[in-house]
Protein chains: 2
Amino acid sequence: MGLDDRKKQVLQAIVDDYVSTYEPVGSKALIERHNFTVSSATLRNEMAELEKLGLIEKPHTSAGRIPSDKGYREYVDSLMHPDILSREEQDEISERITDSVHEVTDLLHNATNALSEKTGFVSLAMSPRLHGSFLTQLKMLMIEPGKALVVVVLSAGVVKDKVVRIPNFLTNEQIMQISNAVEKNLYGKPLDEITLITLASSVKESEIPETLMNQVIYEAYVAIKQADKLDVYLEGEHRMLSLPDFSELGRARDLLGTLSHDGMVAGYVNEIEKSAEGQIRSDDSYMIRIGQEIALEGLEDCSFITTTYNIGDTLSGNIGVIGPKRMDYSKVISQVNFVRKKLNDEIRRLIE
Amino acid sequence: MGLDDRKKQVLQAIVDDYVSTYEPVGSKALIERHNFTVSSATLRNEMAELEKLGLIEKPHTSAGRIPSDKGYREYVDSLMHPDILSREEQDEISERITDSVHEVTDLLHNATNALSEKTGFVSLAMSPRLHGSFLTQLKMLMIEPGKALVVVVLSAGVVKDKVVRIPNFLTNEQIMQISNAVEKNLYGKPLDEITLITLASSVKESEIPETLMNQVIYEAYVAIKQADKLDVYLEGEHRMLSLPDFSELGRARDLLGTLSHDGMVAGYVNEIEKSAEGQIRSDDSYMIRIGQEIALEGLEDCSFITTTYNIGDTLSGNIGVIGPKRMDYSKVISQVNFVRKKLNDEIRRLIE
DNA sequence: ATTTAGCACTCTTCGTCATCGAGTGCCAAA
DNA sequence: TTTGGCACTCGATGACGAAGAGTGCTAAAT
């Protein structure tokens with residue numbers, strides 16, 4: 001976008017002011033808060049042109065200007081100067097993330113908590129996408145007659161399990177036999193290539209009657225498939241109610257309604273991350289969606305800032321923030337990035 | 001409470017009207033909607049007395065009356081006539097509860113979902129309290145060097161597990177040895193009697209060096225203790241925003257803030273259920289807390305209706321609704337009770 | 001060709017004020 | 001004990017005007 005320097009300055013000032021005051025900003029206020037060397041009349045002219053370009057708009061004739069989605073986009077893409085987290089804030093976040101951690105899920109939990117509290121917005125995290133990983137172990141453990149625990153271990157050390165029902169009179173040995181056979185035949189197989197068919201054929205030459213076997217195999221199949229599902233952590237929904245952006249009850253209701261719609265947000269984030277899969281990713285790359293760019297009802301006044309964390313070399317998931325589009329982007333971005341970095345470090349420490 | 005018949009009628013009429021209209025009800029409105037055989041002036045006198053008894057109150061001098069907490073209490077305890085769920089509603093709820101269930105947690109999930117949607121309020125469920133149950137199996141499963149899965153099986157067939165870190169060079173056999181020793185010594189021991197000490201002494205005469213052993217034992221201990229923690233399902237928070245009772249943003253914020261405070265609601269429900277443990281319970285007993293009876297900030301205008309579901313003979317948990325105290329109690333009670341009944345049936349089917 | 005001062009105009013916000021109406025309490029009569 | 005009547009209270013509603021912030025436009029200045 002070919003904006004001359006002064007226009008850039010003006011747009012930047014408008015966004016900055018609007019974000020911090022939540023009031024439409026007029027030419028006079030602009031002069032007062034920033035040291036422009038020109039008069040308010042000149043700024044008015046500039047603002048009129050920015051409006052013609054679709055970067056700012058006015059709520060009504062006699063109000064100041066507010067950034068449009070396009071204006072925020074321009075700001076984010078080329079105007080904003082990166083923020084540096086204070087030492088104290090870094091320490092606080094670190095502390096919260098590393099507090100009483102036993103598993104990766106604890107880390108994700110802590111990270112979303114910290115992120116939501118620090119930003120004051122909603123934060124979300126998604127468990128790693130497992131479709132690319134493969135099976136390394138499959139154990140079945142007899143719990144009691146008729147009941148067994150299927151433990152699925154995937155590459156990168158991810159463990160998932162599930163209690164399943166099995167025919168009552170199967171013995172411990174038979175169960176072990178089955179799971180050993182399955183494991184031997186399916187070792188190293190990508191999760192998405194495991195089907196009921198491959199599973200069944202892996203235990204063909206067993207002396208256990210086929211109908212029984214089928215029941216066990218089906219349950220194991222469900223357990224394996226279930227390992228693939230995405231877990232989502234959403235945190236801090238109530239914080240949105242404190243924002244002036246959602247002081248209208250109707251907006252707040254729509255927003256929380258959509259957020260609480262199970263899988264809706266996760267599905268969307270998954271979508272946009274997948275669509276960006278090919279892109280080159282620098283070390284601290286993040287993804288931003290602003291306002292109408294988000295195709296979810298009730299989130300028209302929100303922005304997404306998401307980034308990717310890694311588990312080992314092959315697995316990755318997302319973590320990020322959903323806030324009002326009127327947010328301090330540089331600050332939130334640096335927070336998200338710091339959390340991502342810390343999260344990656346801690347995951348590495350935990351699994352290595 | 002020694003109320004004469006007419007006072008009872010009046011109080012009942014006031015609660016009914018207020019619940020359905022959300023408007024303070026005056027003497028005239030009362031005459032119009034109900035066939036009282038007396039004049040509005042007489043009702044005014046009655047209402048003045050009910051107010052003196054603390055059962056109703058007026059928001060301001062010239063408004064109608066609304067029930068006080070005490071009034072709701074009286075209504076719930078002796079005035080309300082039970083509601084019967086329509087066949088359709090029963091079917092709908094049943095269908096939702098039994099939809100794609102693999103485990104008890106699925107049932108709880110479905111049940112809270114159904115309850116929240118049907119009532120339009122928040123619903124909650126808590127996993128069963130396990131403090132009384134005992135250990136029946138403890139298995140450790142090698143995942144990879146340095147990493148094992150501890151599987152804890154409790155009476156009533158509850159399975160909990162957790163990935164733990166162990167010293168790198170421990171072999172599969174050694175792990176098996178340890179877990180066998182623990183299991184043998186601790187079989188049948190109530191969960192709350194298992195301490196680090198009892199755990200350690202159960203593997204005293206092993207040839208594995210003590211410091212190593214201690215590490216493993218500690219991890220196992222954490223895994224066992226973690227099995228005891230309560231899971232909570234809260235569902236439908238956003239629905240509260242649609243209620244006129246929370247059209248004030250401040251109230252809504254306080255409410256959702258408290259609800260999202262992890263463990264706060266669960267702790268409270270646990271508390272009140274424990275305090276009622278001695279009481280005789282009829283088959284469809286429920287517990288009601290109204291307004292100020294609830295000692296949680298932001299829930300002054302809410303009521304709890306909770307009940308107990310059972311898993312087997314020994315385990316029980318709670319499920320219920322958090323709604324505005326201005327609710328149709330008889331309807332919600334019957335919904336909660338139906339869900340409880342259905343839930344119990346399905347749990348029985350699932351685990352037997 | 002830009003920039004600026006000035007001015008008329010627009011539109012929201014806020015406080016005031018009067019009115020309306022639902023509801024009450026109380027008194028005196030039935 | 002019940003009822004009709006009446007004065008009174010108080011919130012809700014809407015009209016009205018003043019204040020204030022901001023705009024666009026024009027004409028003069030640089």
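In what follows, chains are A, B, ... by sequence order, proteins preceding strands, each numbered from 1.
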Quiz item: Under the criterion salt bridge (charged side-chain N to carboxylate O under 4.0 Å, His left out), which of A/Glu74, A/Glu49, A/Glu51 is the partner of A/Lys7?
Solution: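 Result: among A/Glu74, A/Glu49, A/Glu51, A/Glu49 is the only option passing the salt bridge (charged side-chain N to carboxylate O under 4.0 Å, His left out) with A/Lys7.
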
Between the protein and nucleotides 25-29 of chain C, which nitrogen or oxygen pairs come in under 3.5 angstrom?
residue, atom, partner, partner atom, Å
C/dG25, OP1, B/Lys58, NZ, 3.0
C/dG25, OP1, B/Arg65, NH2, 3.2
C/dG25, N7, B/Arg44, NE, 3.3
C/dG25, O6, B/Arg44, NH2, 3.4

I want to check one thing: is the phosphate of [N], taken as OP1 and OP2, less than 4.0 Å away from some side-chain N or O of [X]?
| X | N | result |
| --- | --- | --- |
| B/Ser62 | C/dA22 | no |
| B/Arg6 | D/dT1 | no |
| A/Ser39 | C/dT4 | yes |
| A/Ser27 | D/dT23 | yes |

Quiz item: Just by distance, with hydrogens left out, do B/Asp16 and B/Tyr75 show a side-chain donor and acceptor under 3.5 Å apart?
Solution: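 Yes.
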
Quiz item: Which residues within residues 13-26 of chain B lie with some heavy atom under 4.0 Å of an atom in DNA chain C?
Solution: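 Heavy-atom cutoff 4.0 Å gives B/Gly26.
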
Interatomic distance where [atom1] belongs to [X] and [atom2] belongs to [N] [whole Å]:
| X | N | atom1 | atom2 | answer |
| --- | --- | --- | --- | --- |
| B/Met47 | D/dT3 | CE | P | 15 Å |
| A/Leu43 | C/dT4 | CG | P | 9 Å |
| A/Ile56 | D/dG22 | CD1 | P | 13 Å |
| B/Ile31 | C/dT24 | CD1 | C1' | 15 Å |
| A/Leu30 | D/dT23 | CG | C1' | 14 Å |
| A/His60 | C/dT10 | NE2 | P | 15 Å |
| B/Lys7 | D/dT2 | NZ | P | 9 Å |
| A/Glu46 | C/dT4 | CD | P | 11 Å |

Quiz item: Can you list the residues that meet the side chain to side chain contact (heavy atoms under 4.5 Å, CB included) rule with B/Glu293, with sequence neighbours excluded?
Solution: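 Expected list: B/Arg73, B/Arg289, B/Ile290.
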
Quiz item: Do A/Glu273 and A/Thr306 have side chains that get closer than 4.5 Å, going by heavy atoms?
Solution: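 In short, these two side chains touch, coming nearer than 4.5 Å.
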
Self-check item: Results of side chain to side chain donor-acceptor pair (under 3.5 Å) for B/Thr258 - residues two or more places apart only
Solution: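 For B/Thr258, no residue satisfies side chain to side chain donor-acceptor pair (under 3.5 Å) once neighbours in sequence are set aside.
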
Quiz item: How would you list, by chain and number, every residue that makes a side chain to side chain donor-acceptor pair (under 3.5 Å) with A/His34, sequence neighbours excluded?
Solution: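 Result, side chain to side chain donor-acceptor pair (under 3.5 Å) vs A/His34: A/Asp17.
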
Exercise. Kindly determine whether A/Arg326 and A/Asp245 satisfy salt bridge (Lys or Arg N to Asp or Glu O under 4.0 Å), including the steps that lead there.
Key: CA-CA 8 Å; A/Arg326 181 197 63 83; A/Asp245 312 70; 2.9 Å; yes

Quiz item: Would B/Glu300 and B/Arg251 pass as an ion pair if we require N to O under 4.0 Å?
Solution: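 No, this pair does not count.
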
Quiz item: Between B/Thr61 and A/Thr61, who's closer to the 5' end of DNA chain D by nearest nucleotide?
Solution: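 Its nucleotide being nearer the 5' end, the pick is B/Thr61.
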
Quiz prompt | Residues forming a ring-ring contact (aromatic ring centres under 6.0 Å, His included) with B/Tyr268, sequence neighbours excluded | solution =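 Scan of B/Tyr268 (ring-ring contact (aromatic ring centres under 6.0 Å, His included), adjacent residues dropped) gives B/Phe304.
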
